[in-house]
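What follows is one structure encoded as structure tokens, with my remarks underneath.
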Amino acid sequence: MNGPDPPVLLAVESSCDETAVAVLQGFNNLRASVIGSQAVQHEETGGVVPEVASRLHLDVLPGLSKSAIKKSGIPLSQIAAFAATSGPGLAPALLIGLSYAKGLALGANRPFFPINHIEGHLLSPFFGEETIPEFLGLVVSGGHTLLVKVRRFGSYEVVGRTLDDAAGEAFDKAGKLLGLPYPAGALVDELAEHGNPLRFDLPRGMLQSGDHHFSFSGMKTAVRYLIEKGSITNDQDRADLCASFREAVVDVLVKKCIRAALDSRCNVVGASGGVSSNRLLRSRMETAAKDHGIQIRFAPEGLRTDNAAMIAYVAAHRLAAGHAGGLDADVEPSLHWENVG
Ligand code: KG4
Ligand code: ZN
């Protein structure tokens, strides 16, 4: 194949409310990564309306793609392969990114790789590395909360998942109840820094369930009751509630993740997704991992919330593993884990 060595990949991500394009050379040379967030447009509705997201992706994708190619310094003709998120996600939103990247691949006569969004998050703590070690992955995002045992690239076993809300979704819903703008996770985290985590005793869903699954909807309901009861009247109450809520979510995430790592005999944990930016989660995880002789790796900043670099990274592994790719891939809004690889 003519073109630069190591090969260059262009990936598109459009599964929810972020439109992103990345150009990656080899495994570690991220030549460009551009992200256009629709958060402002979705703030009004307090969440993402799929058709609105789809139209916004369509509006910005050509421009973002051009700017990523320009930034990368690699002409389109020198790109060895293309990739896009095929699922899971919102069907109308996925369709825009997938069709666009497929069109580029077809025009350039290069392979196309459909990529599982969760696999992108899952492997992002090892971004840049040529080999994926054996590890226990904690994916905590707005749409997913999963514990995945990774044996090597392409060999995954889900050992735990949320039975209701995702961790990020729980932060967003609690924040919404407090009148905070969407997505509220980072703001709840910020307010929590000034609050008393012991003020409200919120339920720790499924902490003692004996399996590795999660449930966050009880915590959110408890927040609603406290607000309806009139317990939250001033800024300090709000900060205390944020701190207590964060404490409950992090307590469950850390304890269950470490237990799953020990049960799966993994001495490396990789945490990813938007919620892996949470300050308390990071410090508690560091401490708990140290106590148990476990190495903790976090997805790098900029690669925690949705981005295309993580999609390109998975595609780079697929390309290096000799996968052929194909243009017949369709969107798979409820893509299952079992189909990854
Ligand atoms: O990974 P991501 O883009 O979501 C999906 O792919 O679904 O992450 C976004 C989520 C949102 O729910 C947001 O509120 C949450 O991550 N988030 C946080 C923090 N920063 C982002 N949640 C808690 N603490 C944070 N610091
Ligand atoms: Zn995501």
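Counting starts at 1 for both ligands and their atoms, following the listed order.
Residue Asp306 places at least one N or O, backbone or side chain, under 3.5 Å from an N or O of ligand 1. Here's the thing with Glu18: none of its N/O atoms is less than 3.5 angstrom from an N/O atom of ligand 1. Considering backbone and side-chain atoms alike, Gly273 places every N or O at 3.5 Å or more from each N or O of ligand 1.
Among protein heavy atoms, atom 24 (N) of ligand 1 sits closest to Asn278 ND2, 2.9 Å. Gly274 O, 3.4 Å is the protein heavy atom nearest to atom 21 (C) of ligand 1. Protein heavy atom closest to atom 22 (N) of ligand 1, with residue, atom name and distance, is Gly185 CA, 3.5 Å. Shortest contact from atom 13 (C) of ligand 1 to any protein heavy atom: Asp172 OD1, 3.7 Å. Nearest to atom 9 (C) of ligand 1 among the protein's heavy atoms is Gly142 N, 3.9 Å.
Proximity to Gly168 (heavy-atom distance under 4.0 Å) selects the following atoms of ligand 1: 12 (O). Against a heavy-atom cut-off of under 4.0 Å, His121 is close to the following atoms of ligand 1: 1 (O), 6 (O). Those atoms of ligand 1 with a heavy atom of Gly143 less than 4.0 angstrom away are 5 (C), 7 (O).
Taking backbone and side-chain atoms together, His121 has an N/O/S atom less than 2.8 Å away from the Zn ion (ligand 2). Checking Cys16 against the Zn ion (ligand 2), every N/O/S atom stays at or beyond the 2.8 Å cut-off.
The six-membered or imidazole ring of Phe245 lies near that of Phe171, with a centre-to-centre distance under 6.0 Å. Side-chain rings of Phe27 and Phe127 stay apart, their centers remaining 6.0 Å or farther from each other.
Using cut-offs of 30° and 60° for the angle between ring planes, the Phe214 and Phe216 rings count as parallel.
Nearest N/O/S atom of Asp306 relative to the Zn ion (ligand 2): this is OD1.
For residues 226-238, the salt bridge (Lys or Arg N to Asp or Glu O under 4.0 Å) pairs, not counting sequence neighbours, are Arg199-Asp237, Arg224-Glu228, Asp235-Arg238.
The cationic group of Arg282 lies under 6.0 Å from the six-membered ring centre of Phe298 and within 45° of the ring axis, placing it in a cation-pi geometry.
Between Glu190 and Arg279, at least one side-chain nitrogen of the basic residue sits less than 4.0 Å from a carboxylate oxygen of the acidic one, meeting the salt-bridge criterion. Between Asp172 and Lys220, no side-chain nitrogen of the basic residue sits less than 4.0 Å from a carboxylate oxygen of the acidic one, so the salt-bridge criterion is not met.
Distances shorter than 4.0 angstrom occur between a heavy atom of Arg304 and an atom of ligand 1. At least one heavy atom of His117 sits under 4.0 Å from some atom of ligand 1.
Remark: the His117 side chain and the Asp306 side chain contain an N/O donor-acceptor pair separated by less than 3.5 Å.
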